[in-house]
Q: 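Handing you a structure now.
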Amino acid sequence: GESVGLHLPTLSVQEGDNSIINCAYSNSASDYFIWYKQESGKGPQFIIDIRSNMDKRQGQRVTVLLNKTVKHLSLQIAATQPGDSAVYFCAENPEPNTGNQFYFGTGTSLTVIP
Amino acid sequence: ETGVTQSPTHLIKTRGQQVTLRCSSQSGHNTVSWYQQALGQGPQFIFQYYREEENGRGNFPPRFSGLQFPNYSSELNVNALELDDSALYLCASSAGPNYEQYFGPGTRLTVT
């Protein structure tokens with residue numbers, strides 16, 4: 001089956017520092033990836049996405065990097081704030097021609113220390 | 001807020017019973033995907049509905065079934081509930097297959 005994994009299950013950063021959350025994926029045919037943020041008791045919140053024809057995409061305070069050679073995805077959060085504390089998931093679409101079937105990793109828990 | 005709503009918020013059922021969960025998609029979206037999220041895990045894909053037809057299914061048994069209505073809202077039905085079905089059930093809507101998905105707040109199902 002498909003495998004989407006995260007290198008670190010937990011991450012603690014000081015407020016104001018930059019955060020980097022990493023994700024490995026196993027299917028080289030995957031062509032669409034999404035990062036989600038999930039706060040306790042809530043559904044996942046879309047952060048940013050990237051397709052395989054790009055290697056970098058920037059949003060507001062967030063950047064996603066895609067390295068197809070080593071099948072690695074990362075989420076960078078600039079100037080991390082306490083409100084960024086949550087679990088972060090990368091999601092992979094391993095069957096791009098059969099619909100929006102995303103597979104999620106286990107998640108990385110980010111804690112921002114004030 | 002994503003505009004995706006789910007009902008009920010919480011539900012407690014007994015093993016062997018049946019349950020129906022509901023999802024209203026975001027305006028303009030014609031695709032709904034359902035996920036099961038066990039405690040401490042990432043969401044697991046159950047199935048997707050696109051324009052009222054099933055458009056892909058994950059590794060879930062046939063007792064998990066669904067519907068999508070002409071207004072693109074959707075239902076998830078689970079028969080013969082088992083204790084392991086206790087989880088957060090999430091629906092996500094999108095403007096079509098292979099577009100970004102937006103999740104609702106989920107329904108917390110507890111099976112006793």
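Below, chains carry the letters A, B, ... as their sequence lines are ordered, and counting in each starts from 1.
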Q: Check this for me: Ile113(A), atom CD1, are more than 12 non-hydrogen atoms of other residues, nucleotides or ligands nearer than 6.0 Å?
A: yes
Q: Run Phe104(A) and Gln41(B) through side chain to side chain contact (heavy atoms under 4.5 Å, CB included) and show every step you take.
A: CA-CA 9 Å; Phe104(A) 285 71; Gln41(B) 302 293 318; over 6 Å; no
Q: Which of the residues Cys91(B), Gly106(B), Pro43(B) is involved in the greatest number of heavy-atom pairs with chain A at under 4.5 angstrom?
A: Pro43(B)
Q: Is the distance between the ring centroids of Phe46(A) and Phe103(B) under 6.0 Å?
A: no
Q: For atom CZ of Arg61(A), is the number of surrounding heavy atoms from other residues, nucleotides or ligands below 6.0 Å larger than 12?
A: yes
Q: More than 12 heavy atoms of other residues, nucleotides or ligands under 6.0 Å from CD of Gln14(A): is that the case?
A: yes
Q: Can you classify the ring geometry of Tyr103(A) versus Phe45(B) as parallel (below 30°), tilted (30 to 60°) or perpendicular (above 60°)?
A: tilted
Q: Decide if atom CZ of Arg51(A) counts as having more than 12 heavy atoms of other residues, nucleotides or ligands within a radius under 6.0 Å.
A: yes
Q: Determine the minimum heavy-atom distance between Pro44(A) and Leu90(B), stating which atoms define it.
A: CD-CD1, 3.7 Å
Q: Of the non-hydrogen atoms in Leu88(B) and Gln38(A), which two are nearest, and what is the gap between them?
A: CD2-NE2, 4.1 Å
Q: At what distance, to the nearest 0.5 angstrom, does CD of Gln101(B) lie from CG of Asp49(A)?
A: 11.0 Å
Q: So what's closer than 4.5 Å to chain A heavy atoms on Gln6(B): side chain, backbone, both or neither?
A: neither
Q: Indicate the atoms forming the closest heavy-atom contact of Tyr99(B) with Phe102(A), along with that distance.
A: O-CE1, 4.3 Å
Q: Assess whether atom CG of Asn59(B) is packed by more than 12 heavy atoms of other residues, nucleotides or ligands within 6.0 Å.
A: no
Q: Taking only residues two or more places apart in sequence or in another chain, which ones pass salt bridge (charged side-chain N to carboxylate O under 4.0 Å, His left out) with Lys42(A)?
A: Glu39(A)
Q: Which atoms of Gln45(A) come close to chain B, meaning under 4.5 Å heavy atom to heavy atom: side chain ones, backbone ones, both, or neither?
A: neither
Q: List, by chain and then residue number, the residues other than Phe47(B) in its hydrophobic cluster (Ile/Leu/Val/Met/Phe/Trp/Tyr, side-chain heavy atoms under 4.5 Å); write none if there are no others.
A: Leu11(B), Val19(B), Leu21(B), Val32(B), Trp34(B), Ile46(B), Tyr49(B), Phe60(B), Phe64(B), Leu76(B), Val78(B), Leu81(B), Leu83(B), Tyr89(B), Leu109(B), Val111(B)
